[in-house]
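Comments concern the structure below.
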2 protein chains.
Amino acid sequence: MYEKKISENLDCGVNVANKIVGGKWRACIIDAISRGIRRPSGLQREIPEAPSRVIQMHLRELEALQVIRKEASGGFPLKAEYFLTAFGASVLPLIAVMDQWGNQHKEFVKEMAAAMMETTES
Amino acid sequence: MYEKKISENLDCGVNVANKIVGGKWRACIIDAISRGIRRPSGLQREIPEAPSRVIQMHLRELEALQVIRKEASGGFPLKAEYFLTAFGASVLPLIAVMDQWGNQHKEFVKEMAAAMMETTES
DNA sequence: TTCGGTAGGGATAAAAAGTTCCCTATACCG
DNA sequence: CGGTATAGGGAACTTTTTATCCCTACCGAA
């Protein structure tokens with residue numbers, strides 16, 4: 001997406017996982033595709049809070065990382081579809097675990113985040 | 001740490017998880033503390049690639065999120081120790097899963113990342 | 001007294017990630 | 001013809017995160 005200038009230390013497993021699943025919309029996009037929402041327009045409708053530009057960029061990057069695979073019918077009507085690769089499918093359990101943990105603790109984290117705002121408020 | 005101006009959507013479990021474990025050094029720091037490296041100086045020696053300033057800031061933020069707890073002996077020699085809270089301990093299995101997944105796929109990801117560099121090279 | 005270790009933070013720069021605005025191009029429908 | 005929907009990207013911007021530099025303060029040892 002951008003050119004990295006700082007090393008990433010991909011020897012650390014957690015960093016590898018973060019590279020795939022980190023970021024504000026990555027997991028959402030992967031999850032939506034896994035649920036059968038294969039086309040860019042559908043993804044944009046599914047995640048309206050995310051700027052379409054950002055979704056596009058993530059699709060490019062996930063494709064380059066071979067998490068997803070693109071199938072476009074050359075002709076018209078314009079139609080592009082994205083599918084998870086086998087590698088992409090292997091991420092789903094990880095996303096599930098993260099989502100589960102997050103959902104279990106989100107109330108607590110929300111409280112803590114709110115408390116931080118109070119003490120740091122402008 | 002900084003004042004957020006963009007919403008975080010903490011209703012999504014994955015985002016909650018990323019808030020705790022995301023970032024370049026968060027998981028490393030939590031993991032090191034869980035392994036008994038409790039003092040800032042020790043953490044800095046354990047993770048020498050991370051600027052000490054960054055470690056300090058993460059310690060502040062993890063403390064505010066109640067992932068870790070600080071115990072400082074008021075007097076001298078200066079001594080501060082950080083311990084995982086119960087909440088912090090609950091993150092360890094998540095980190096373990098992420099690390100395991102990442103280690104299983106890091107060679108593949110490295111290849112893909114390298115391929116991306118080639119096509120994007122300056 | 002100077003040096004080393006420890007804990008911590010201010011200021012600022014640089015990089016990465018995300019956002020916004022607006023553009024191309026094609027085909028279909030009215 | 002104009003409007004809508006599709007897929008995609010350029011350019012510029014803001015926000016967030018990470019990095020760099022340098023400082024305070026304290027104690028003990030040399």
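In this text the structure is predicted, and so the values were computed from the model without any measurement. In what follows, every chain begins at residue 1, and chains take the letters A, B, ... in the order their sequences are listed.
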I want to verify a distance call: between [options], whose nearest atom is closest to the [X] side chain?
| X | options | answer |
| --- | --- | --- |
| B:Trp25 | D:dG9, D:dT6, D:dA19 | D:dA19 |
| B:Arg60 | C:dG8, D:dA7, C:dT19 | C:dG8 |
| A:Lys24 | C:dG18, D:dA7, D:dA19 | C:dG18 |

Nearest whole Å is fine: how far is [N] [atom2] from [X] [atom1]?
| X | N | atom1 | atom2 | result |
| --- | --- | --- | --- | --- |
| B:Leu59 | C:dT6 | CG | C1' | 14 Å |
| A:Asn9 | D:dA19 | CG | C1' | 16 Å |
| B:His58 | C:dG9 | NE2 | P | 14 Å |
| A:Arg26 | C:dG18 | CZ | C1' | 13 Å |
| B:Asn18 | D:dT16 | CG | P | 16 Å |
| A:Met57 | D:dA11 | CE | C1' | 12 Å |
| A:Glu81 | D:dG8 | CD | P | 12 Å |
| B:Tyr82 | C:dG8 | OH | C1' | 9 Å |

note = salt bridge (Lys or Arg N to Asp or Glu O under 4.0 Å) filter on A:Glu63, not counting sequence neighbours, yields A:Arg60
query = Got A:Ile29 and A:Ile47 here, is their nearest side-chain heavy-atom distance under 4.5 Å?
reply = yes
Show which side-chain atoms of residues 86-96 of chain A pair as donor or acceptor with protein atoms under 3.5 Å away, not counting sequence neighbours.
unit_1	atom_1	unit_2	atom_2	d
A:Ser90	OG	A:Phe87	O	2.6
A:Ser90	OG	B:Trp101	NE1	3.4
A:Ser90	OG	B:His105	NE2	3.4

query = Listed by chain and number, what are the ring pair (Phe, Tyr, Trp, His ring centres under 6.0 Å) partners of A:Trp25, not counting sequence neighbours?
reply = none
query = With A:Phe83, which residues qualify under ring pair (Phe, Tyr, Trp, His ring centres under 6.0 Å), at least two apart?
reply = none
ask   = For the side chain of A:Asn103 and the backbone of A:Asp99, is there at least one donor-acceptor N/O pair under 3.5 Å apart?
value = yes
request  = Look at the side-chain N and O atoms of B:Lys79 and state whether any lies under 4.0 Å from the OP1 or OP2 oxygen of C:dG8.
outcome  = no
note = Within residues 40-53 of chain B, those residues having any heavy atom closer than 4.0 Å to DNA chain C are B:Pro40, B:Ser41, B:Arg45, B:Arg53
remark   = Residues pairing under side chain to side chain donor-acceptor pair (under 3.5 Å) where one sits in residues 12-24 of chain A, two or more places apart or in two chains, turn out to be A:Glu8-A:Lys19
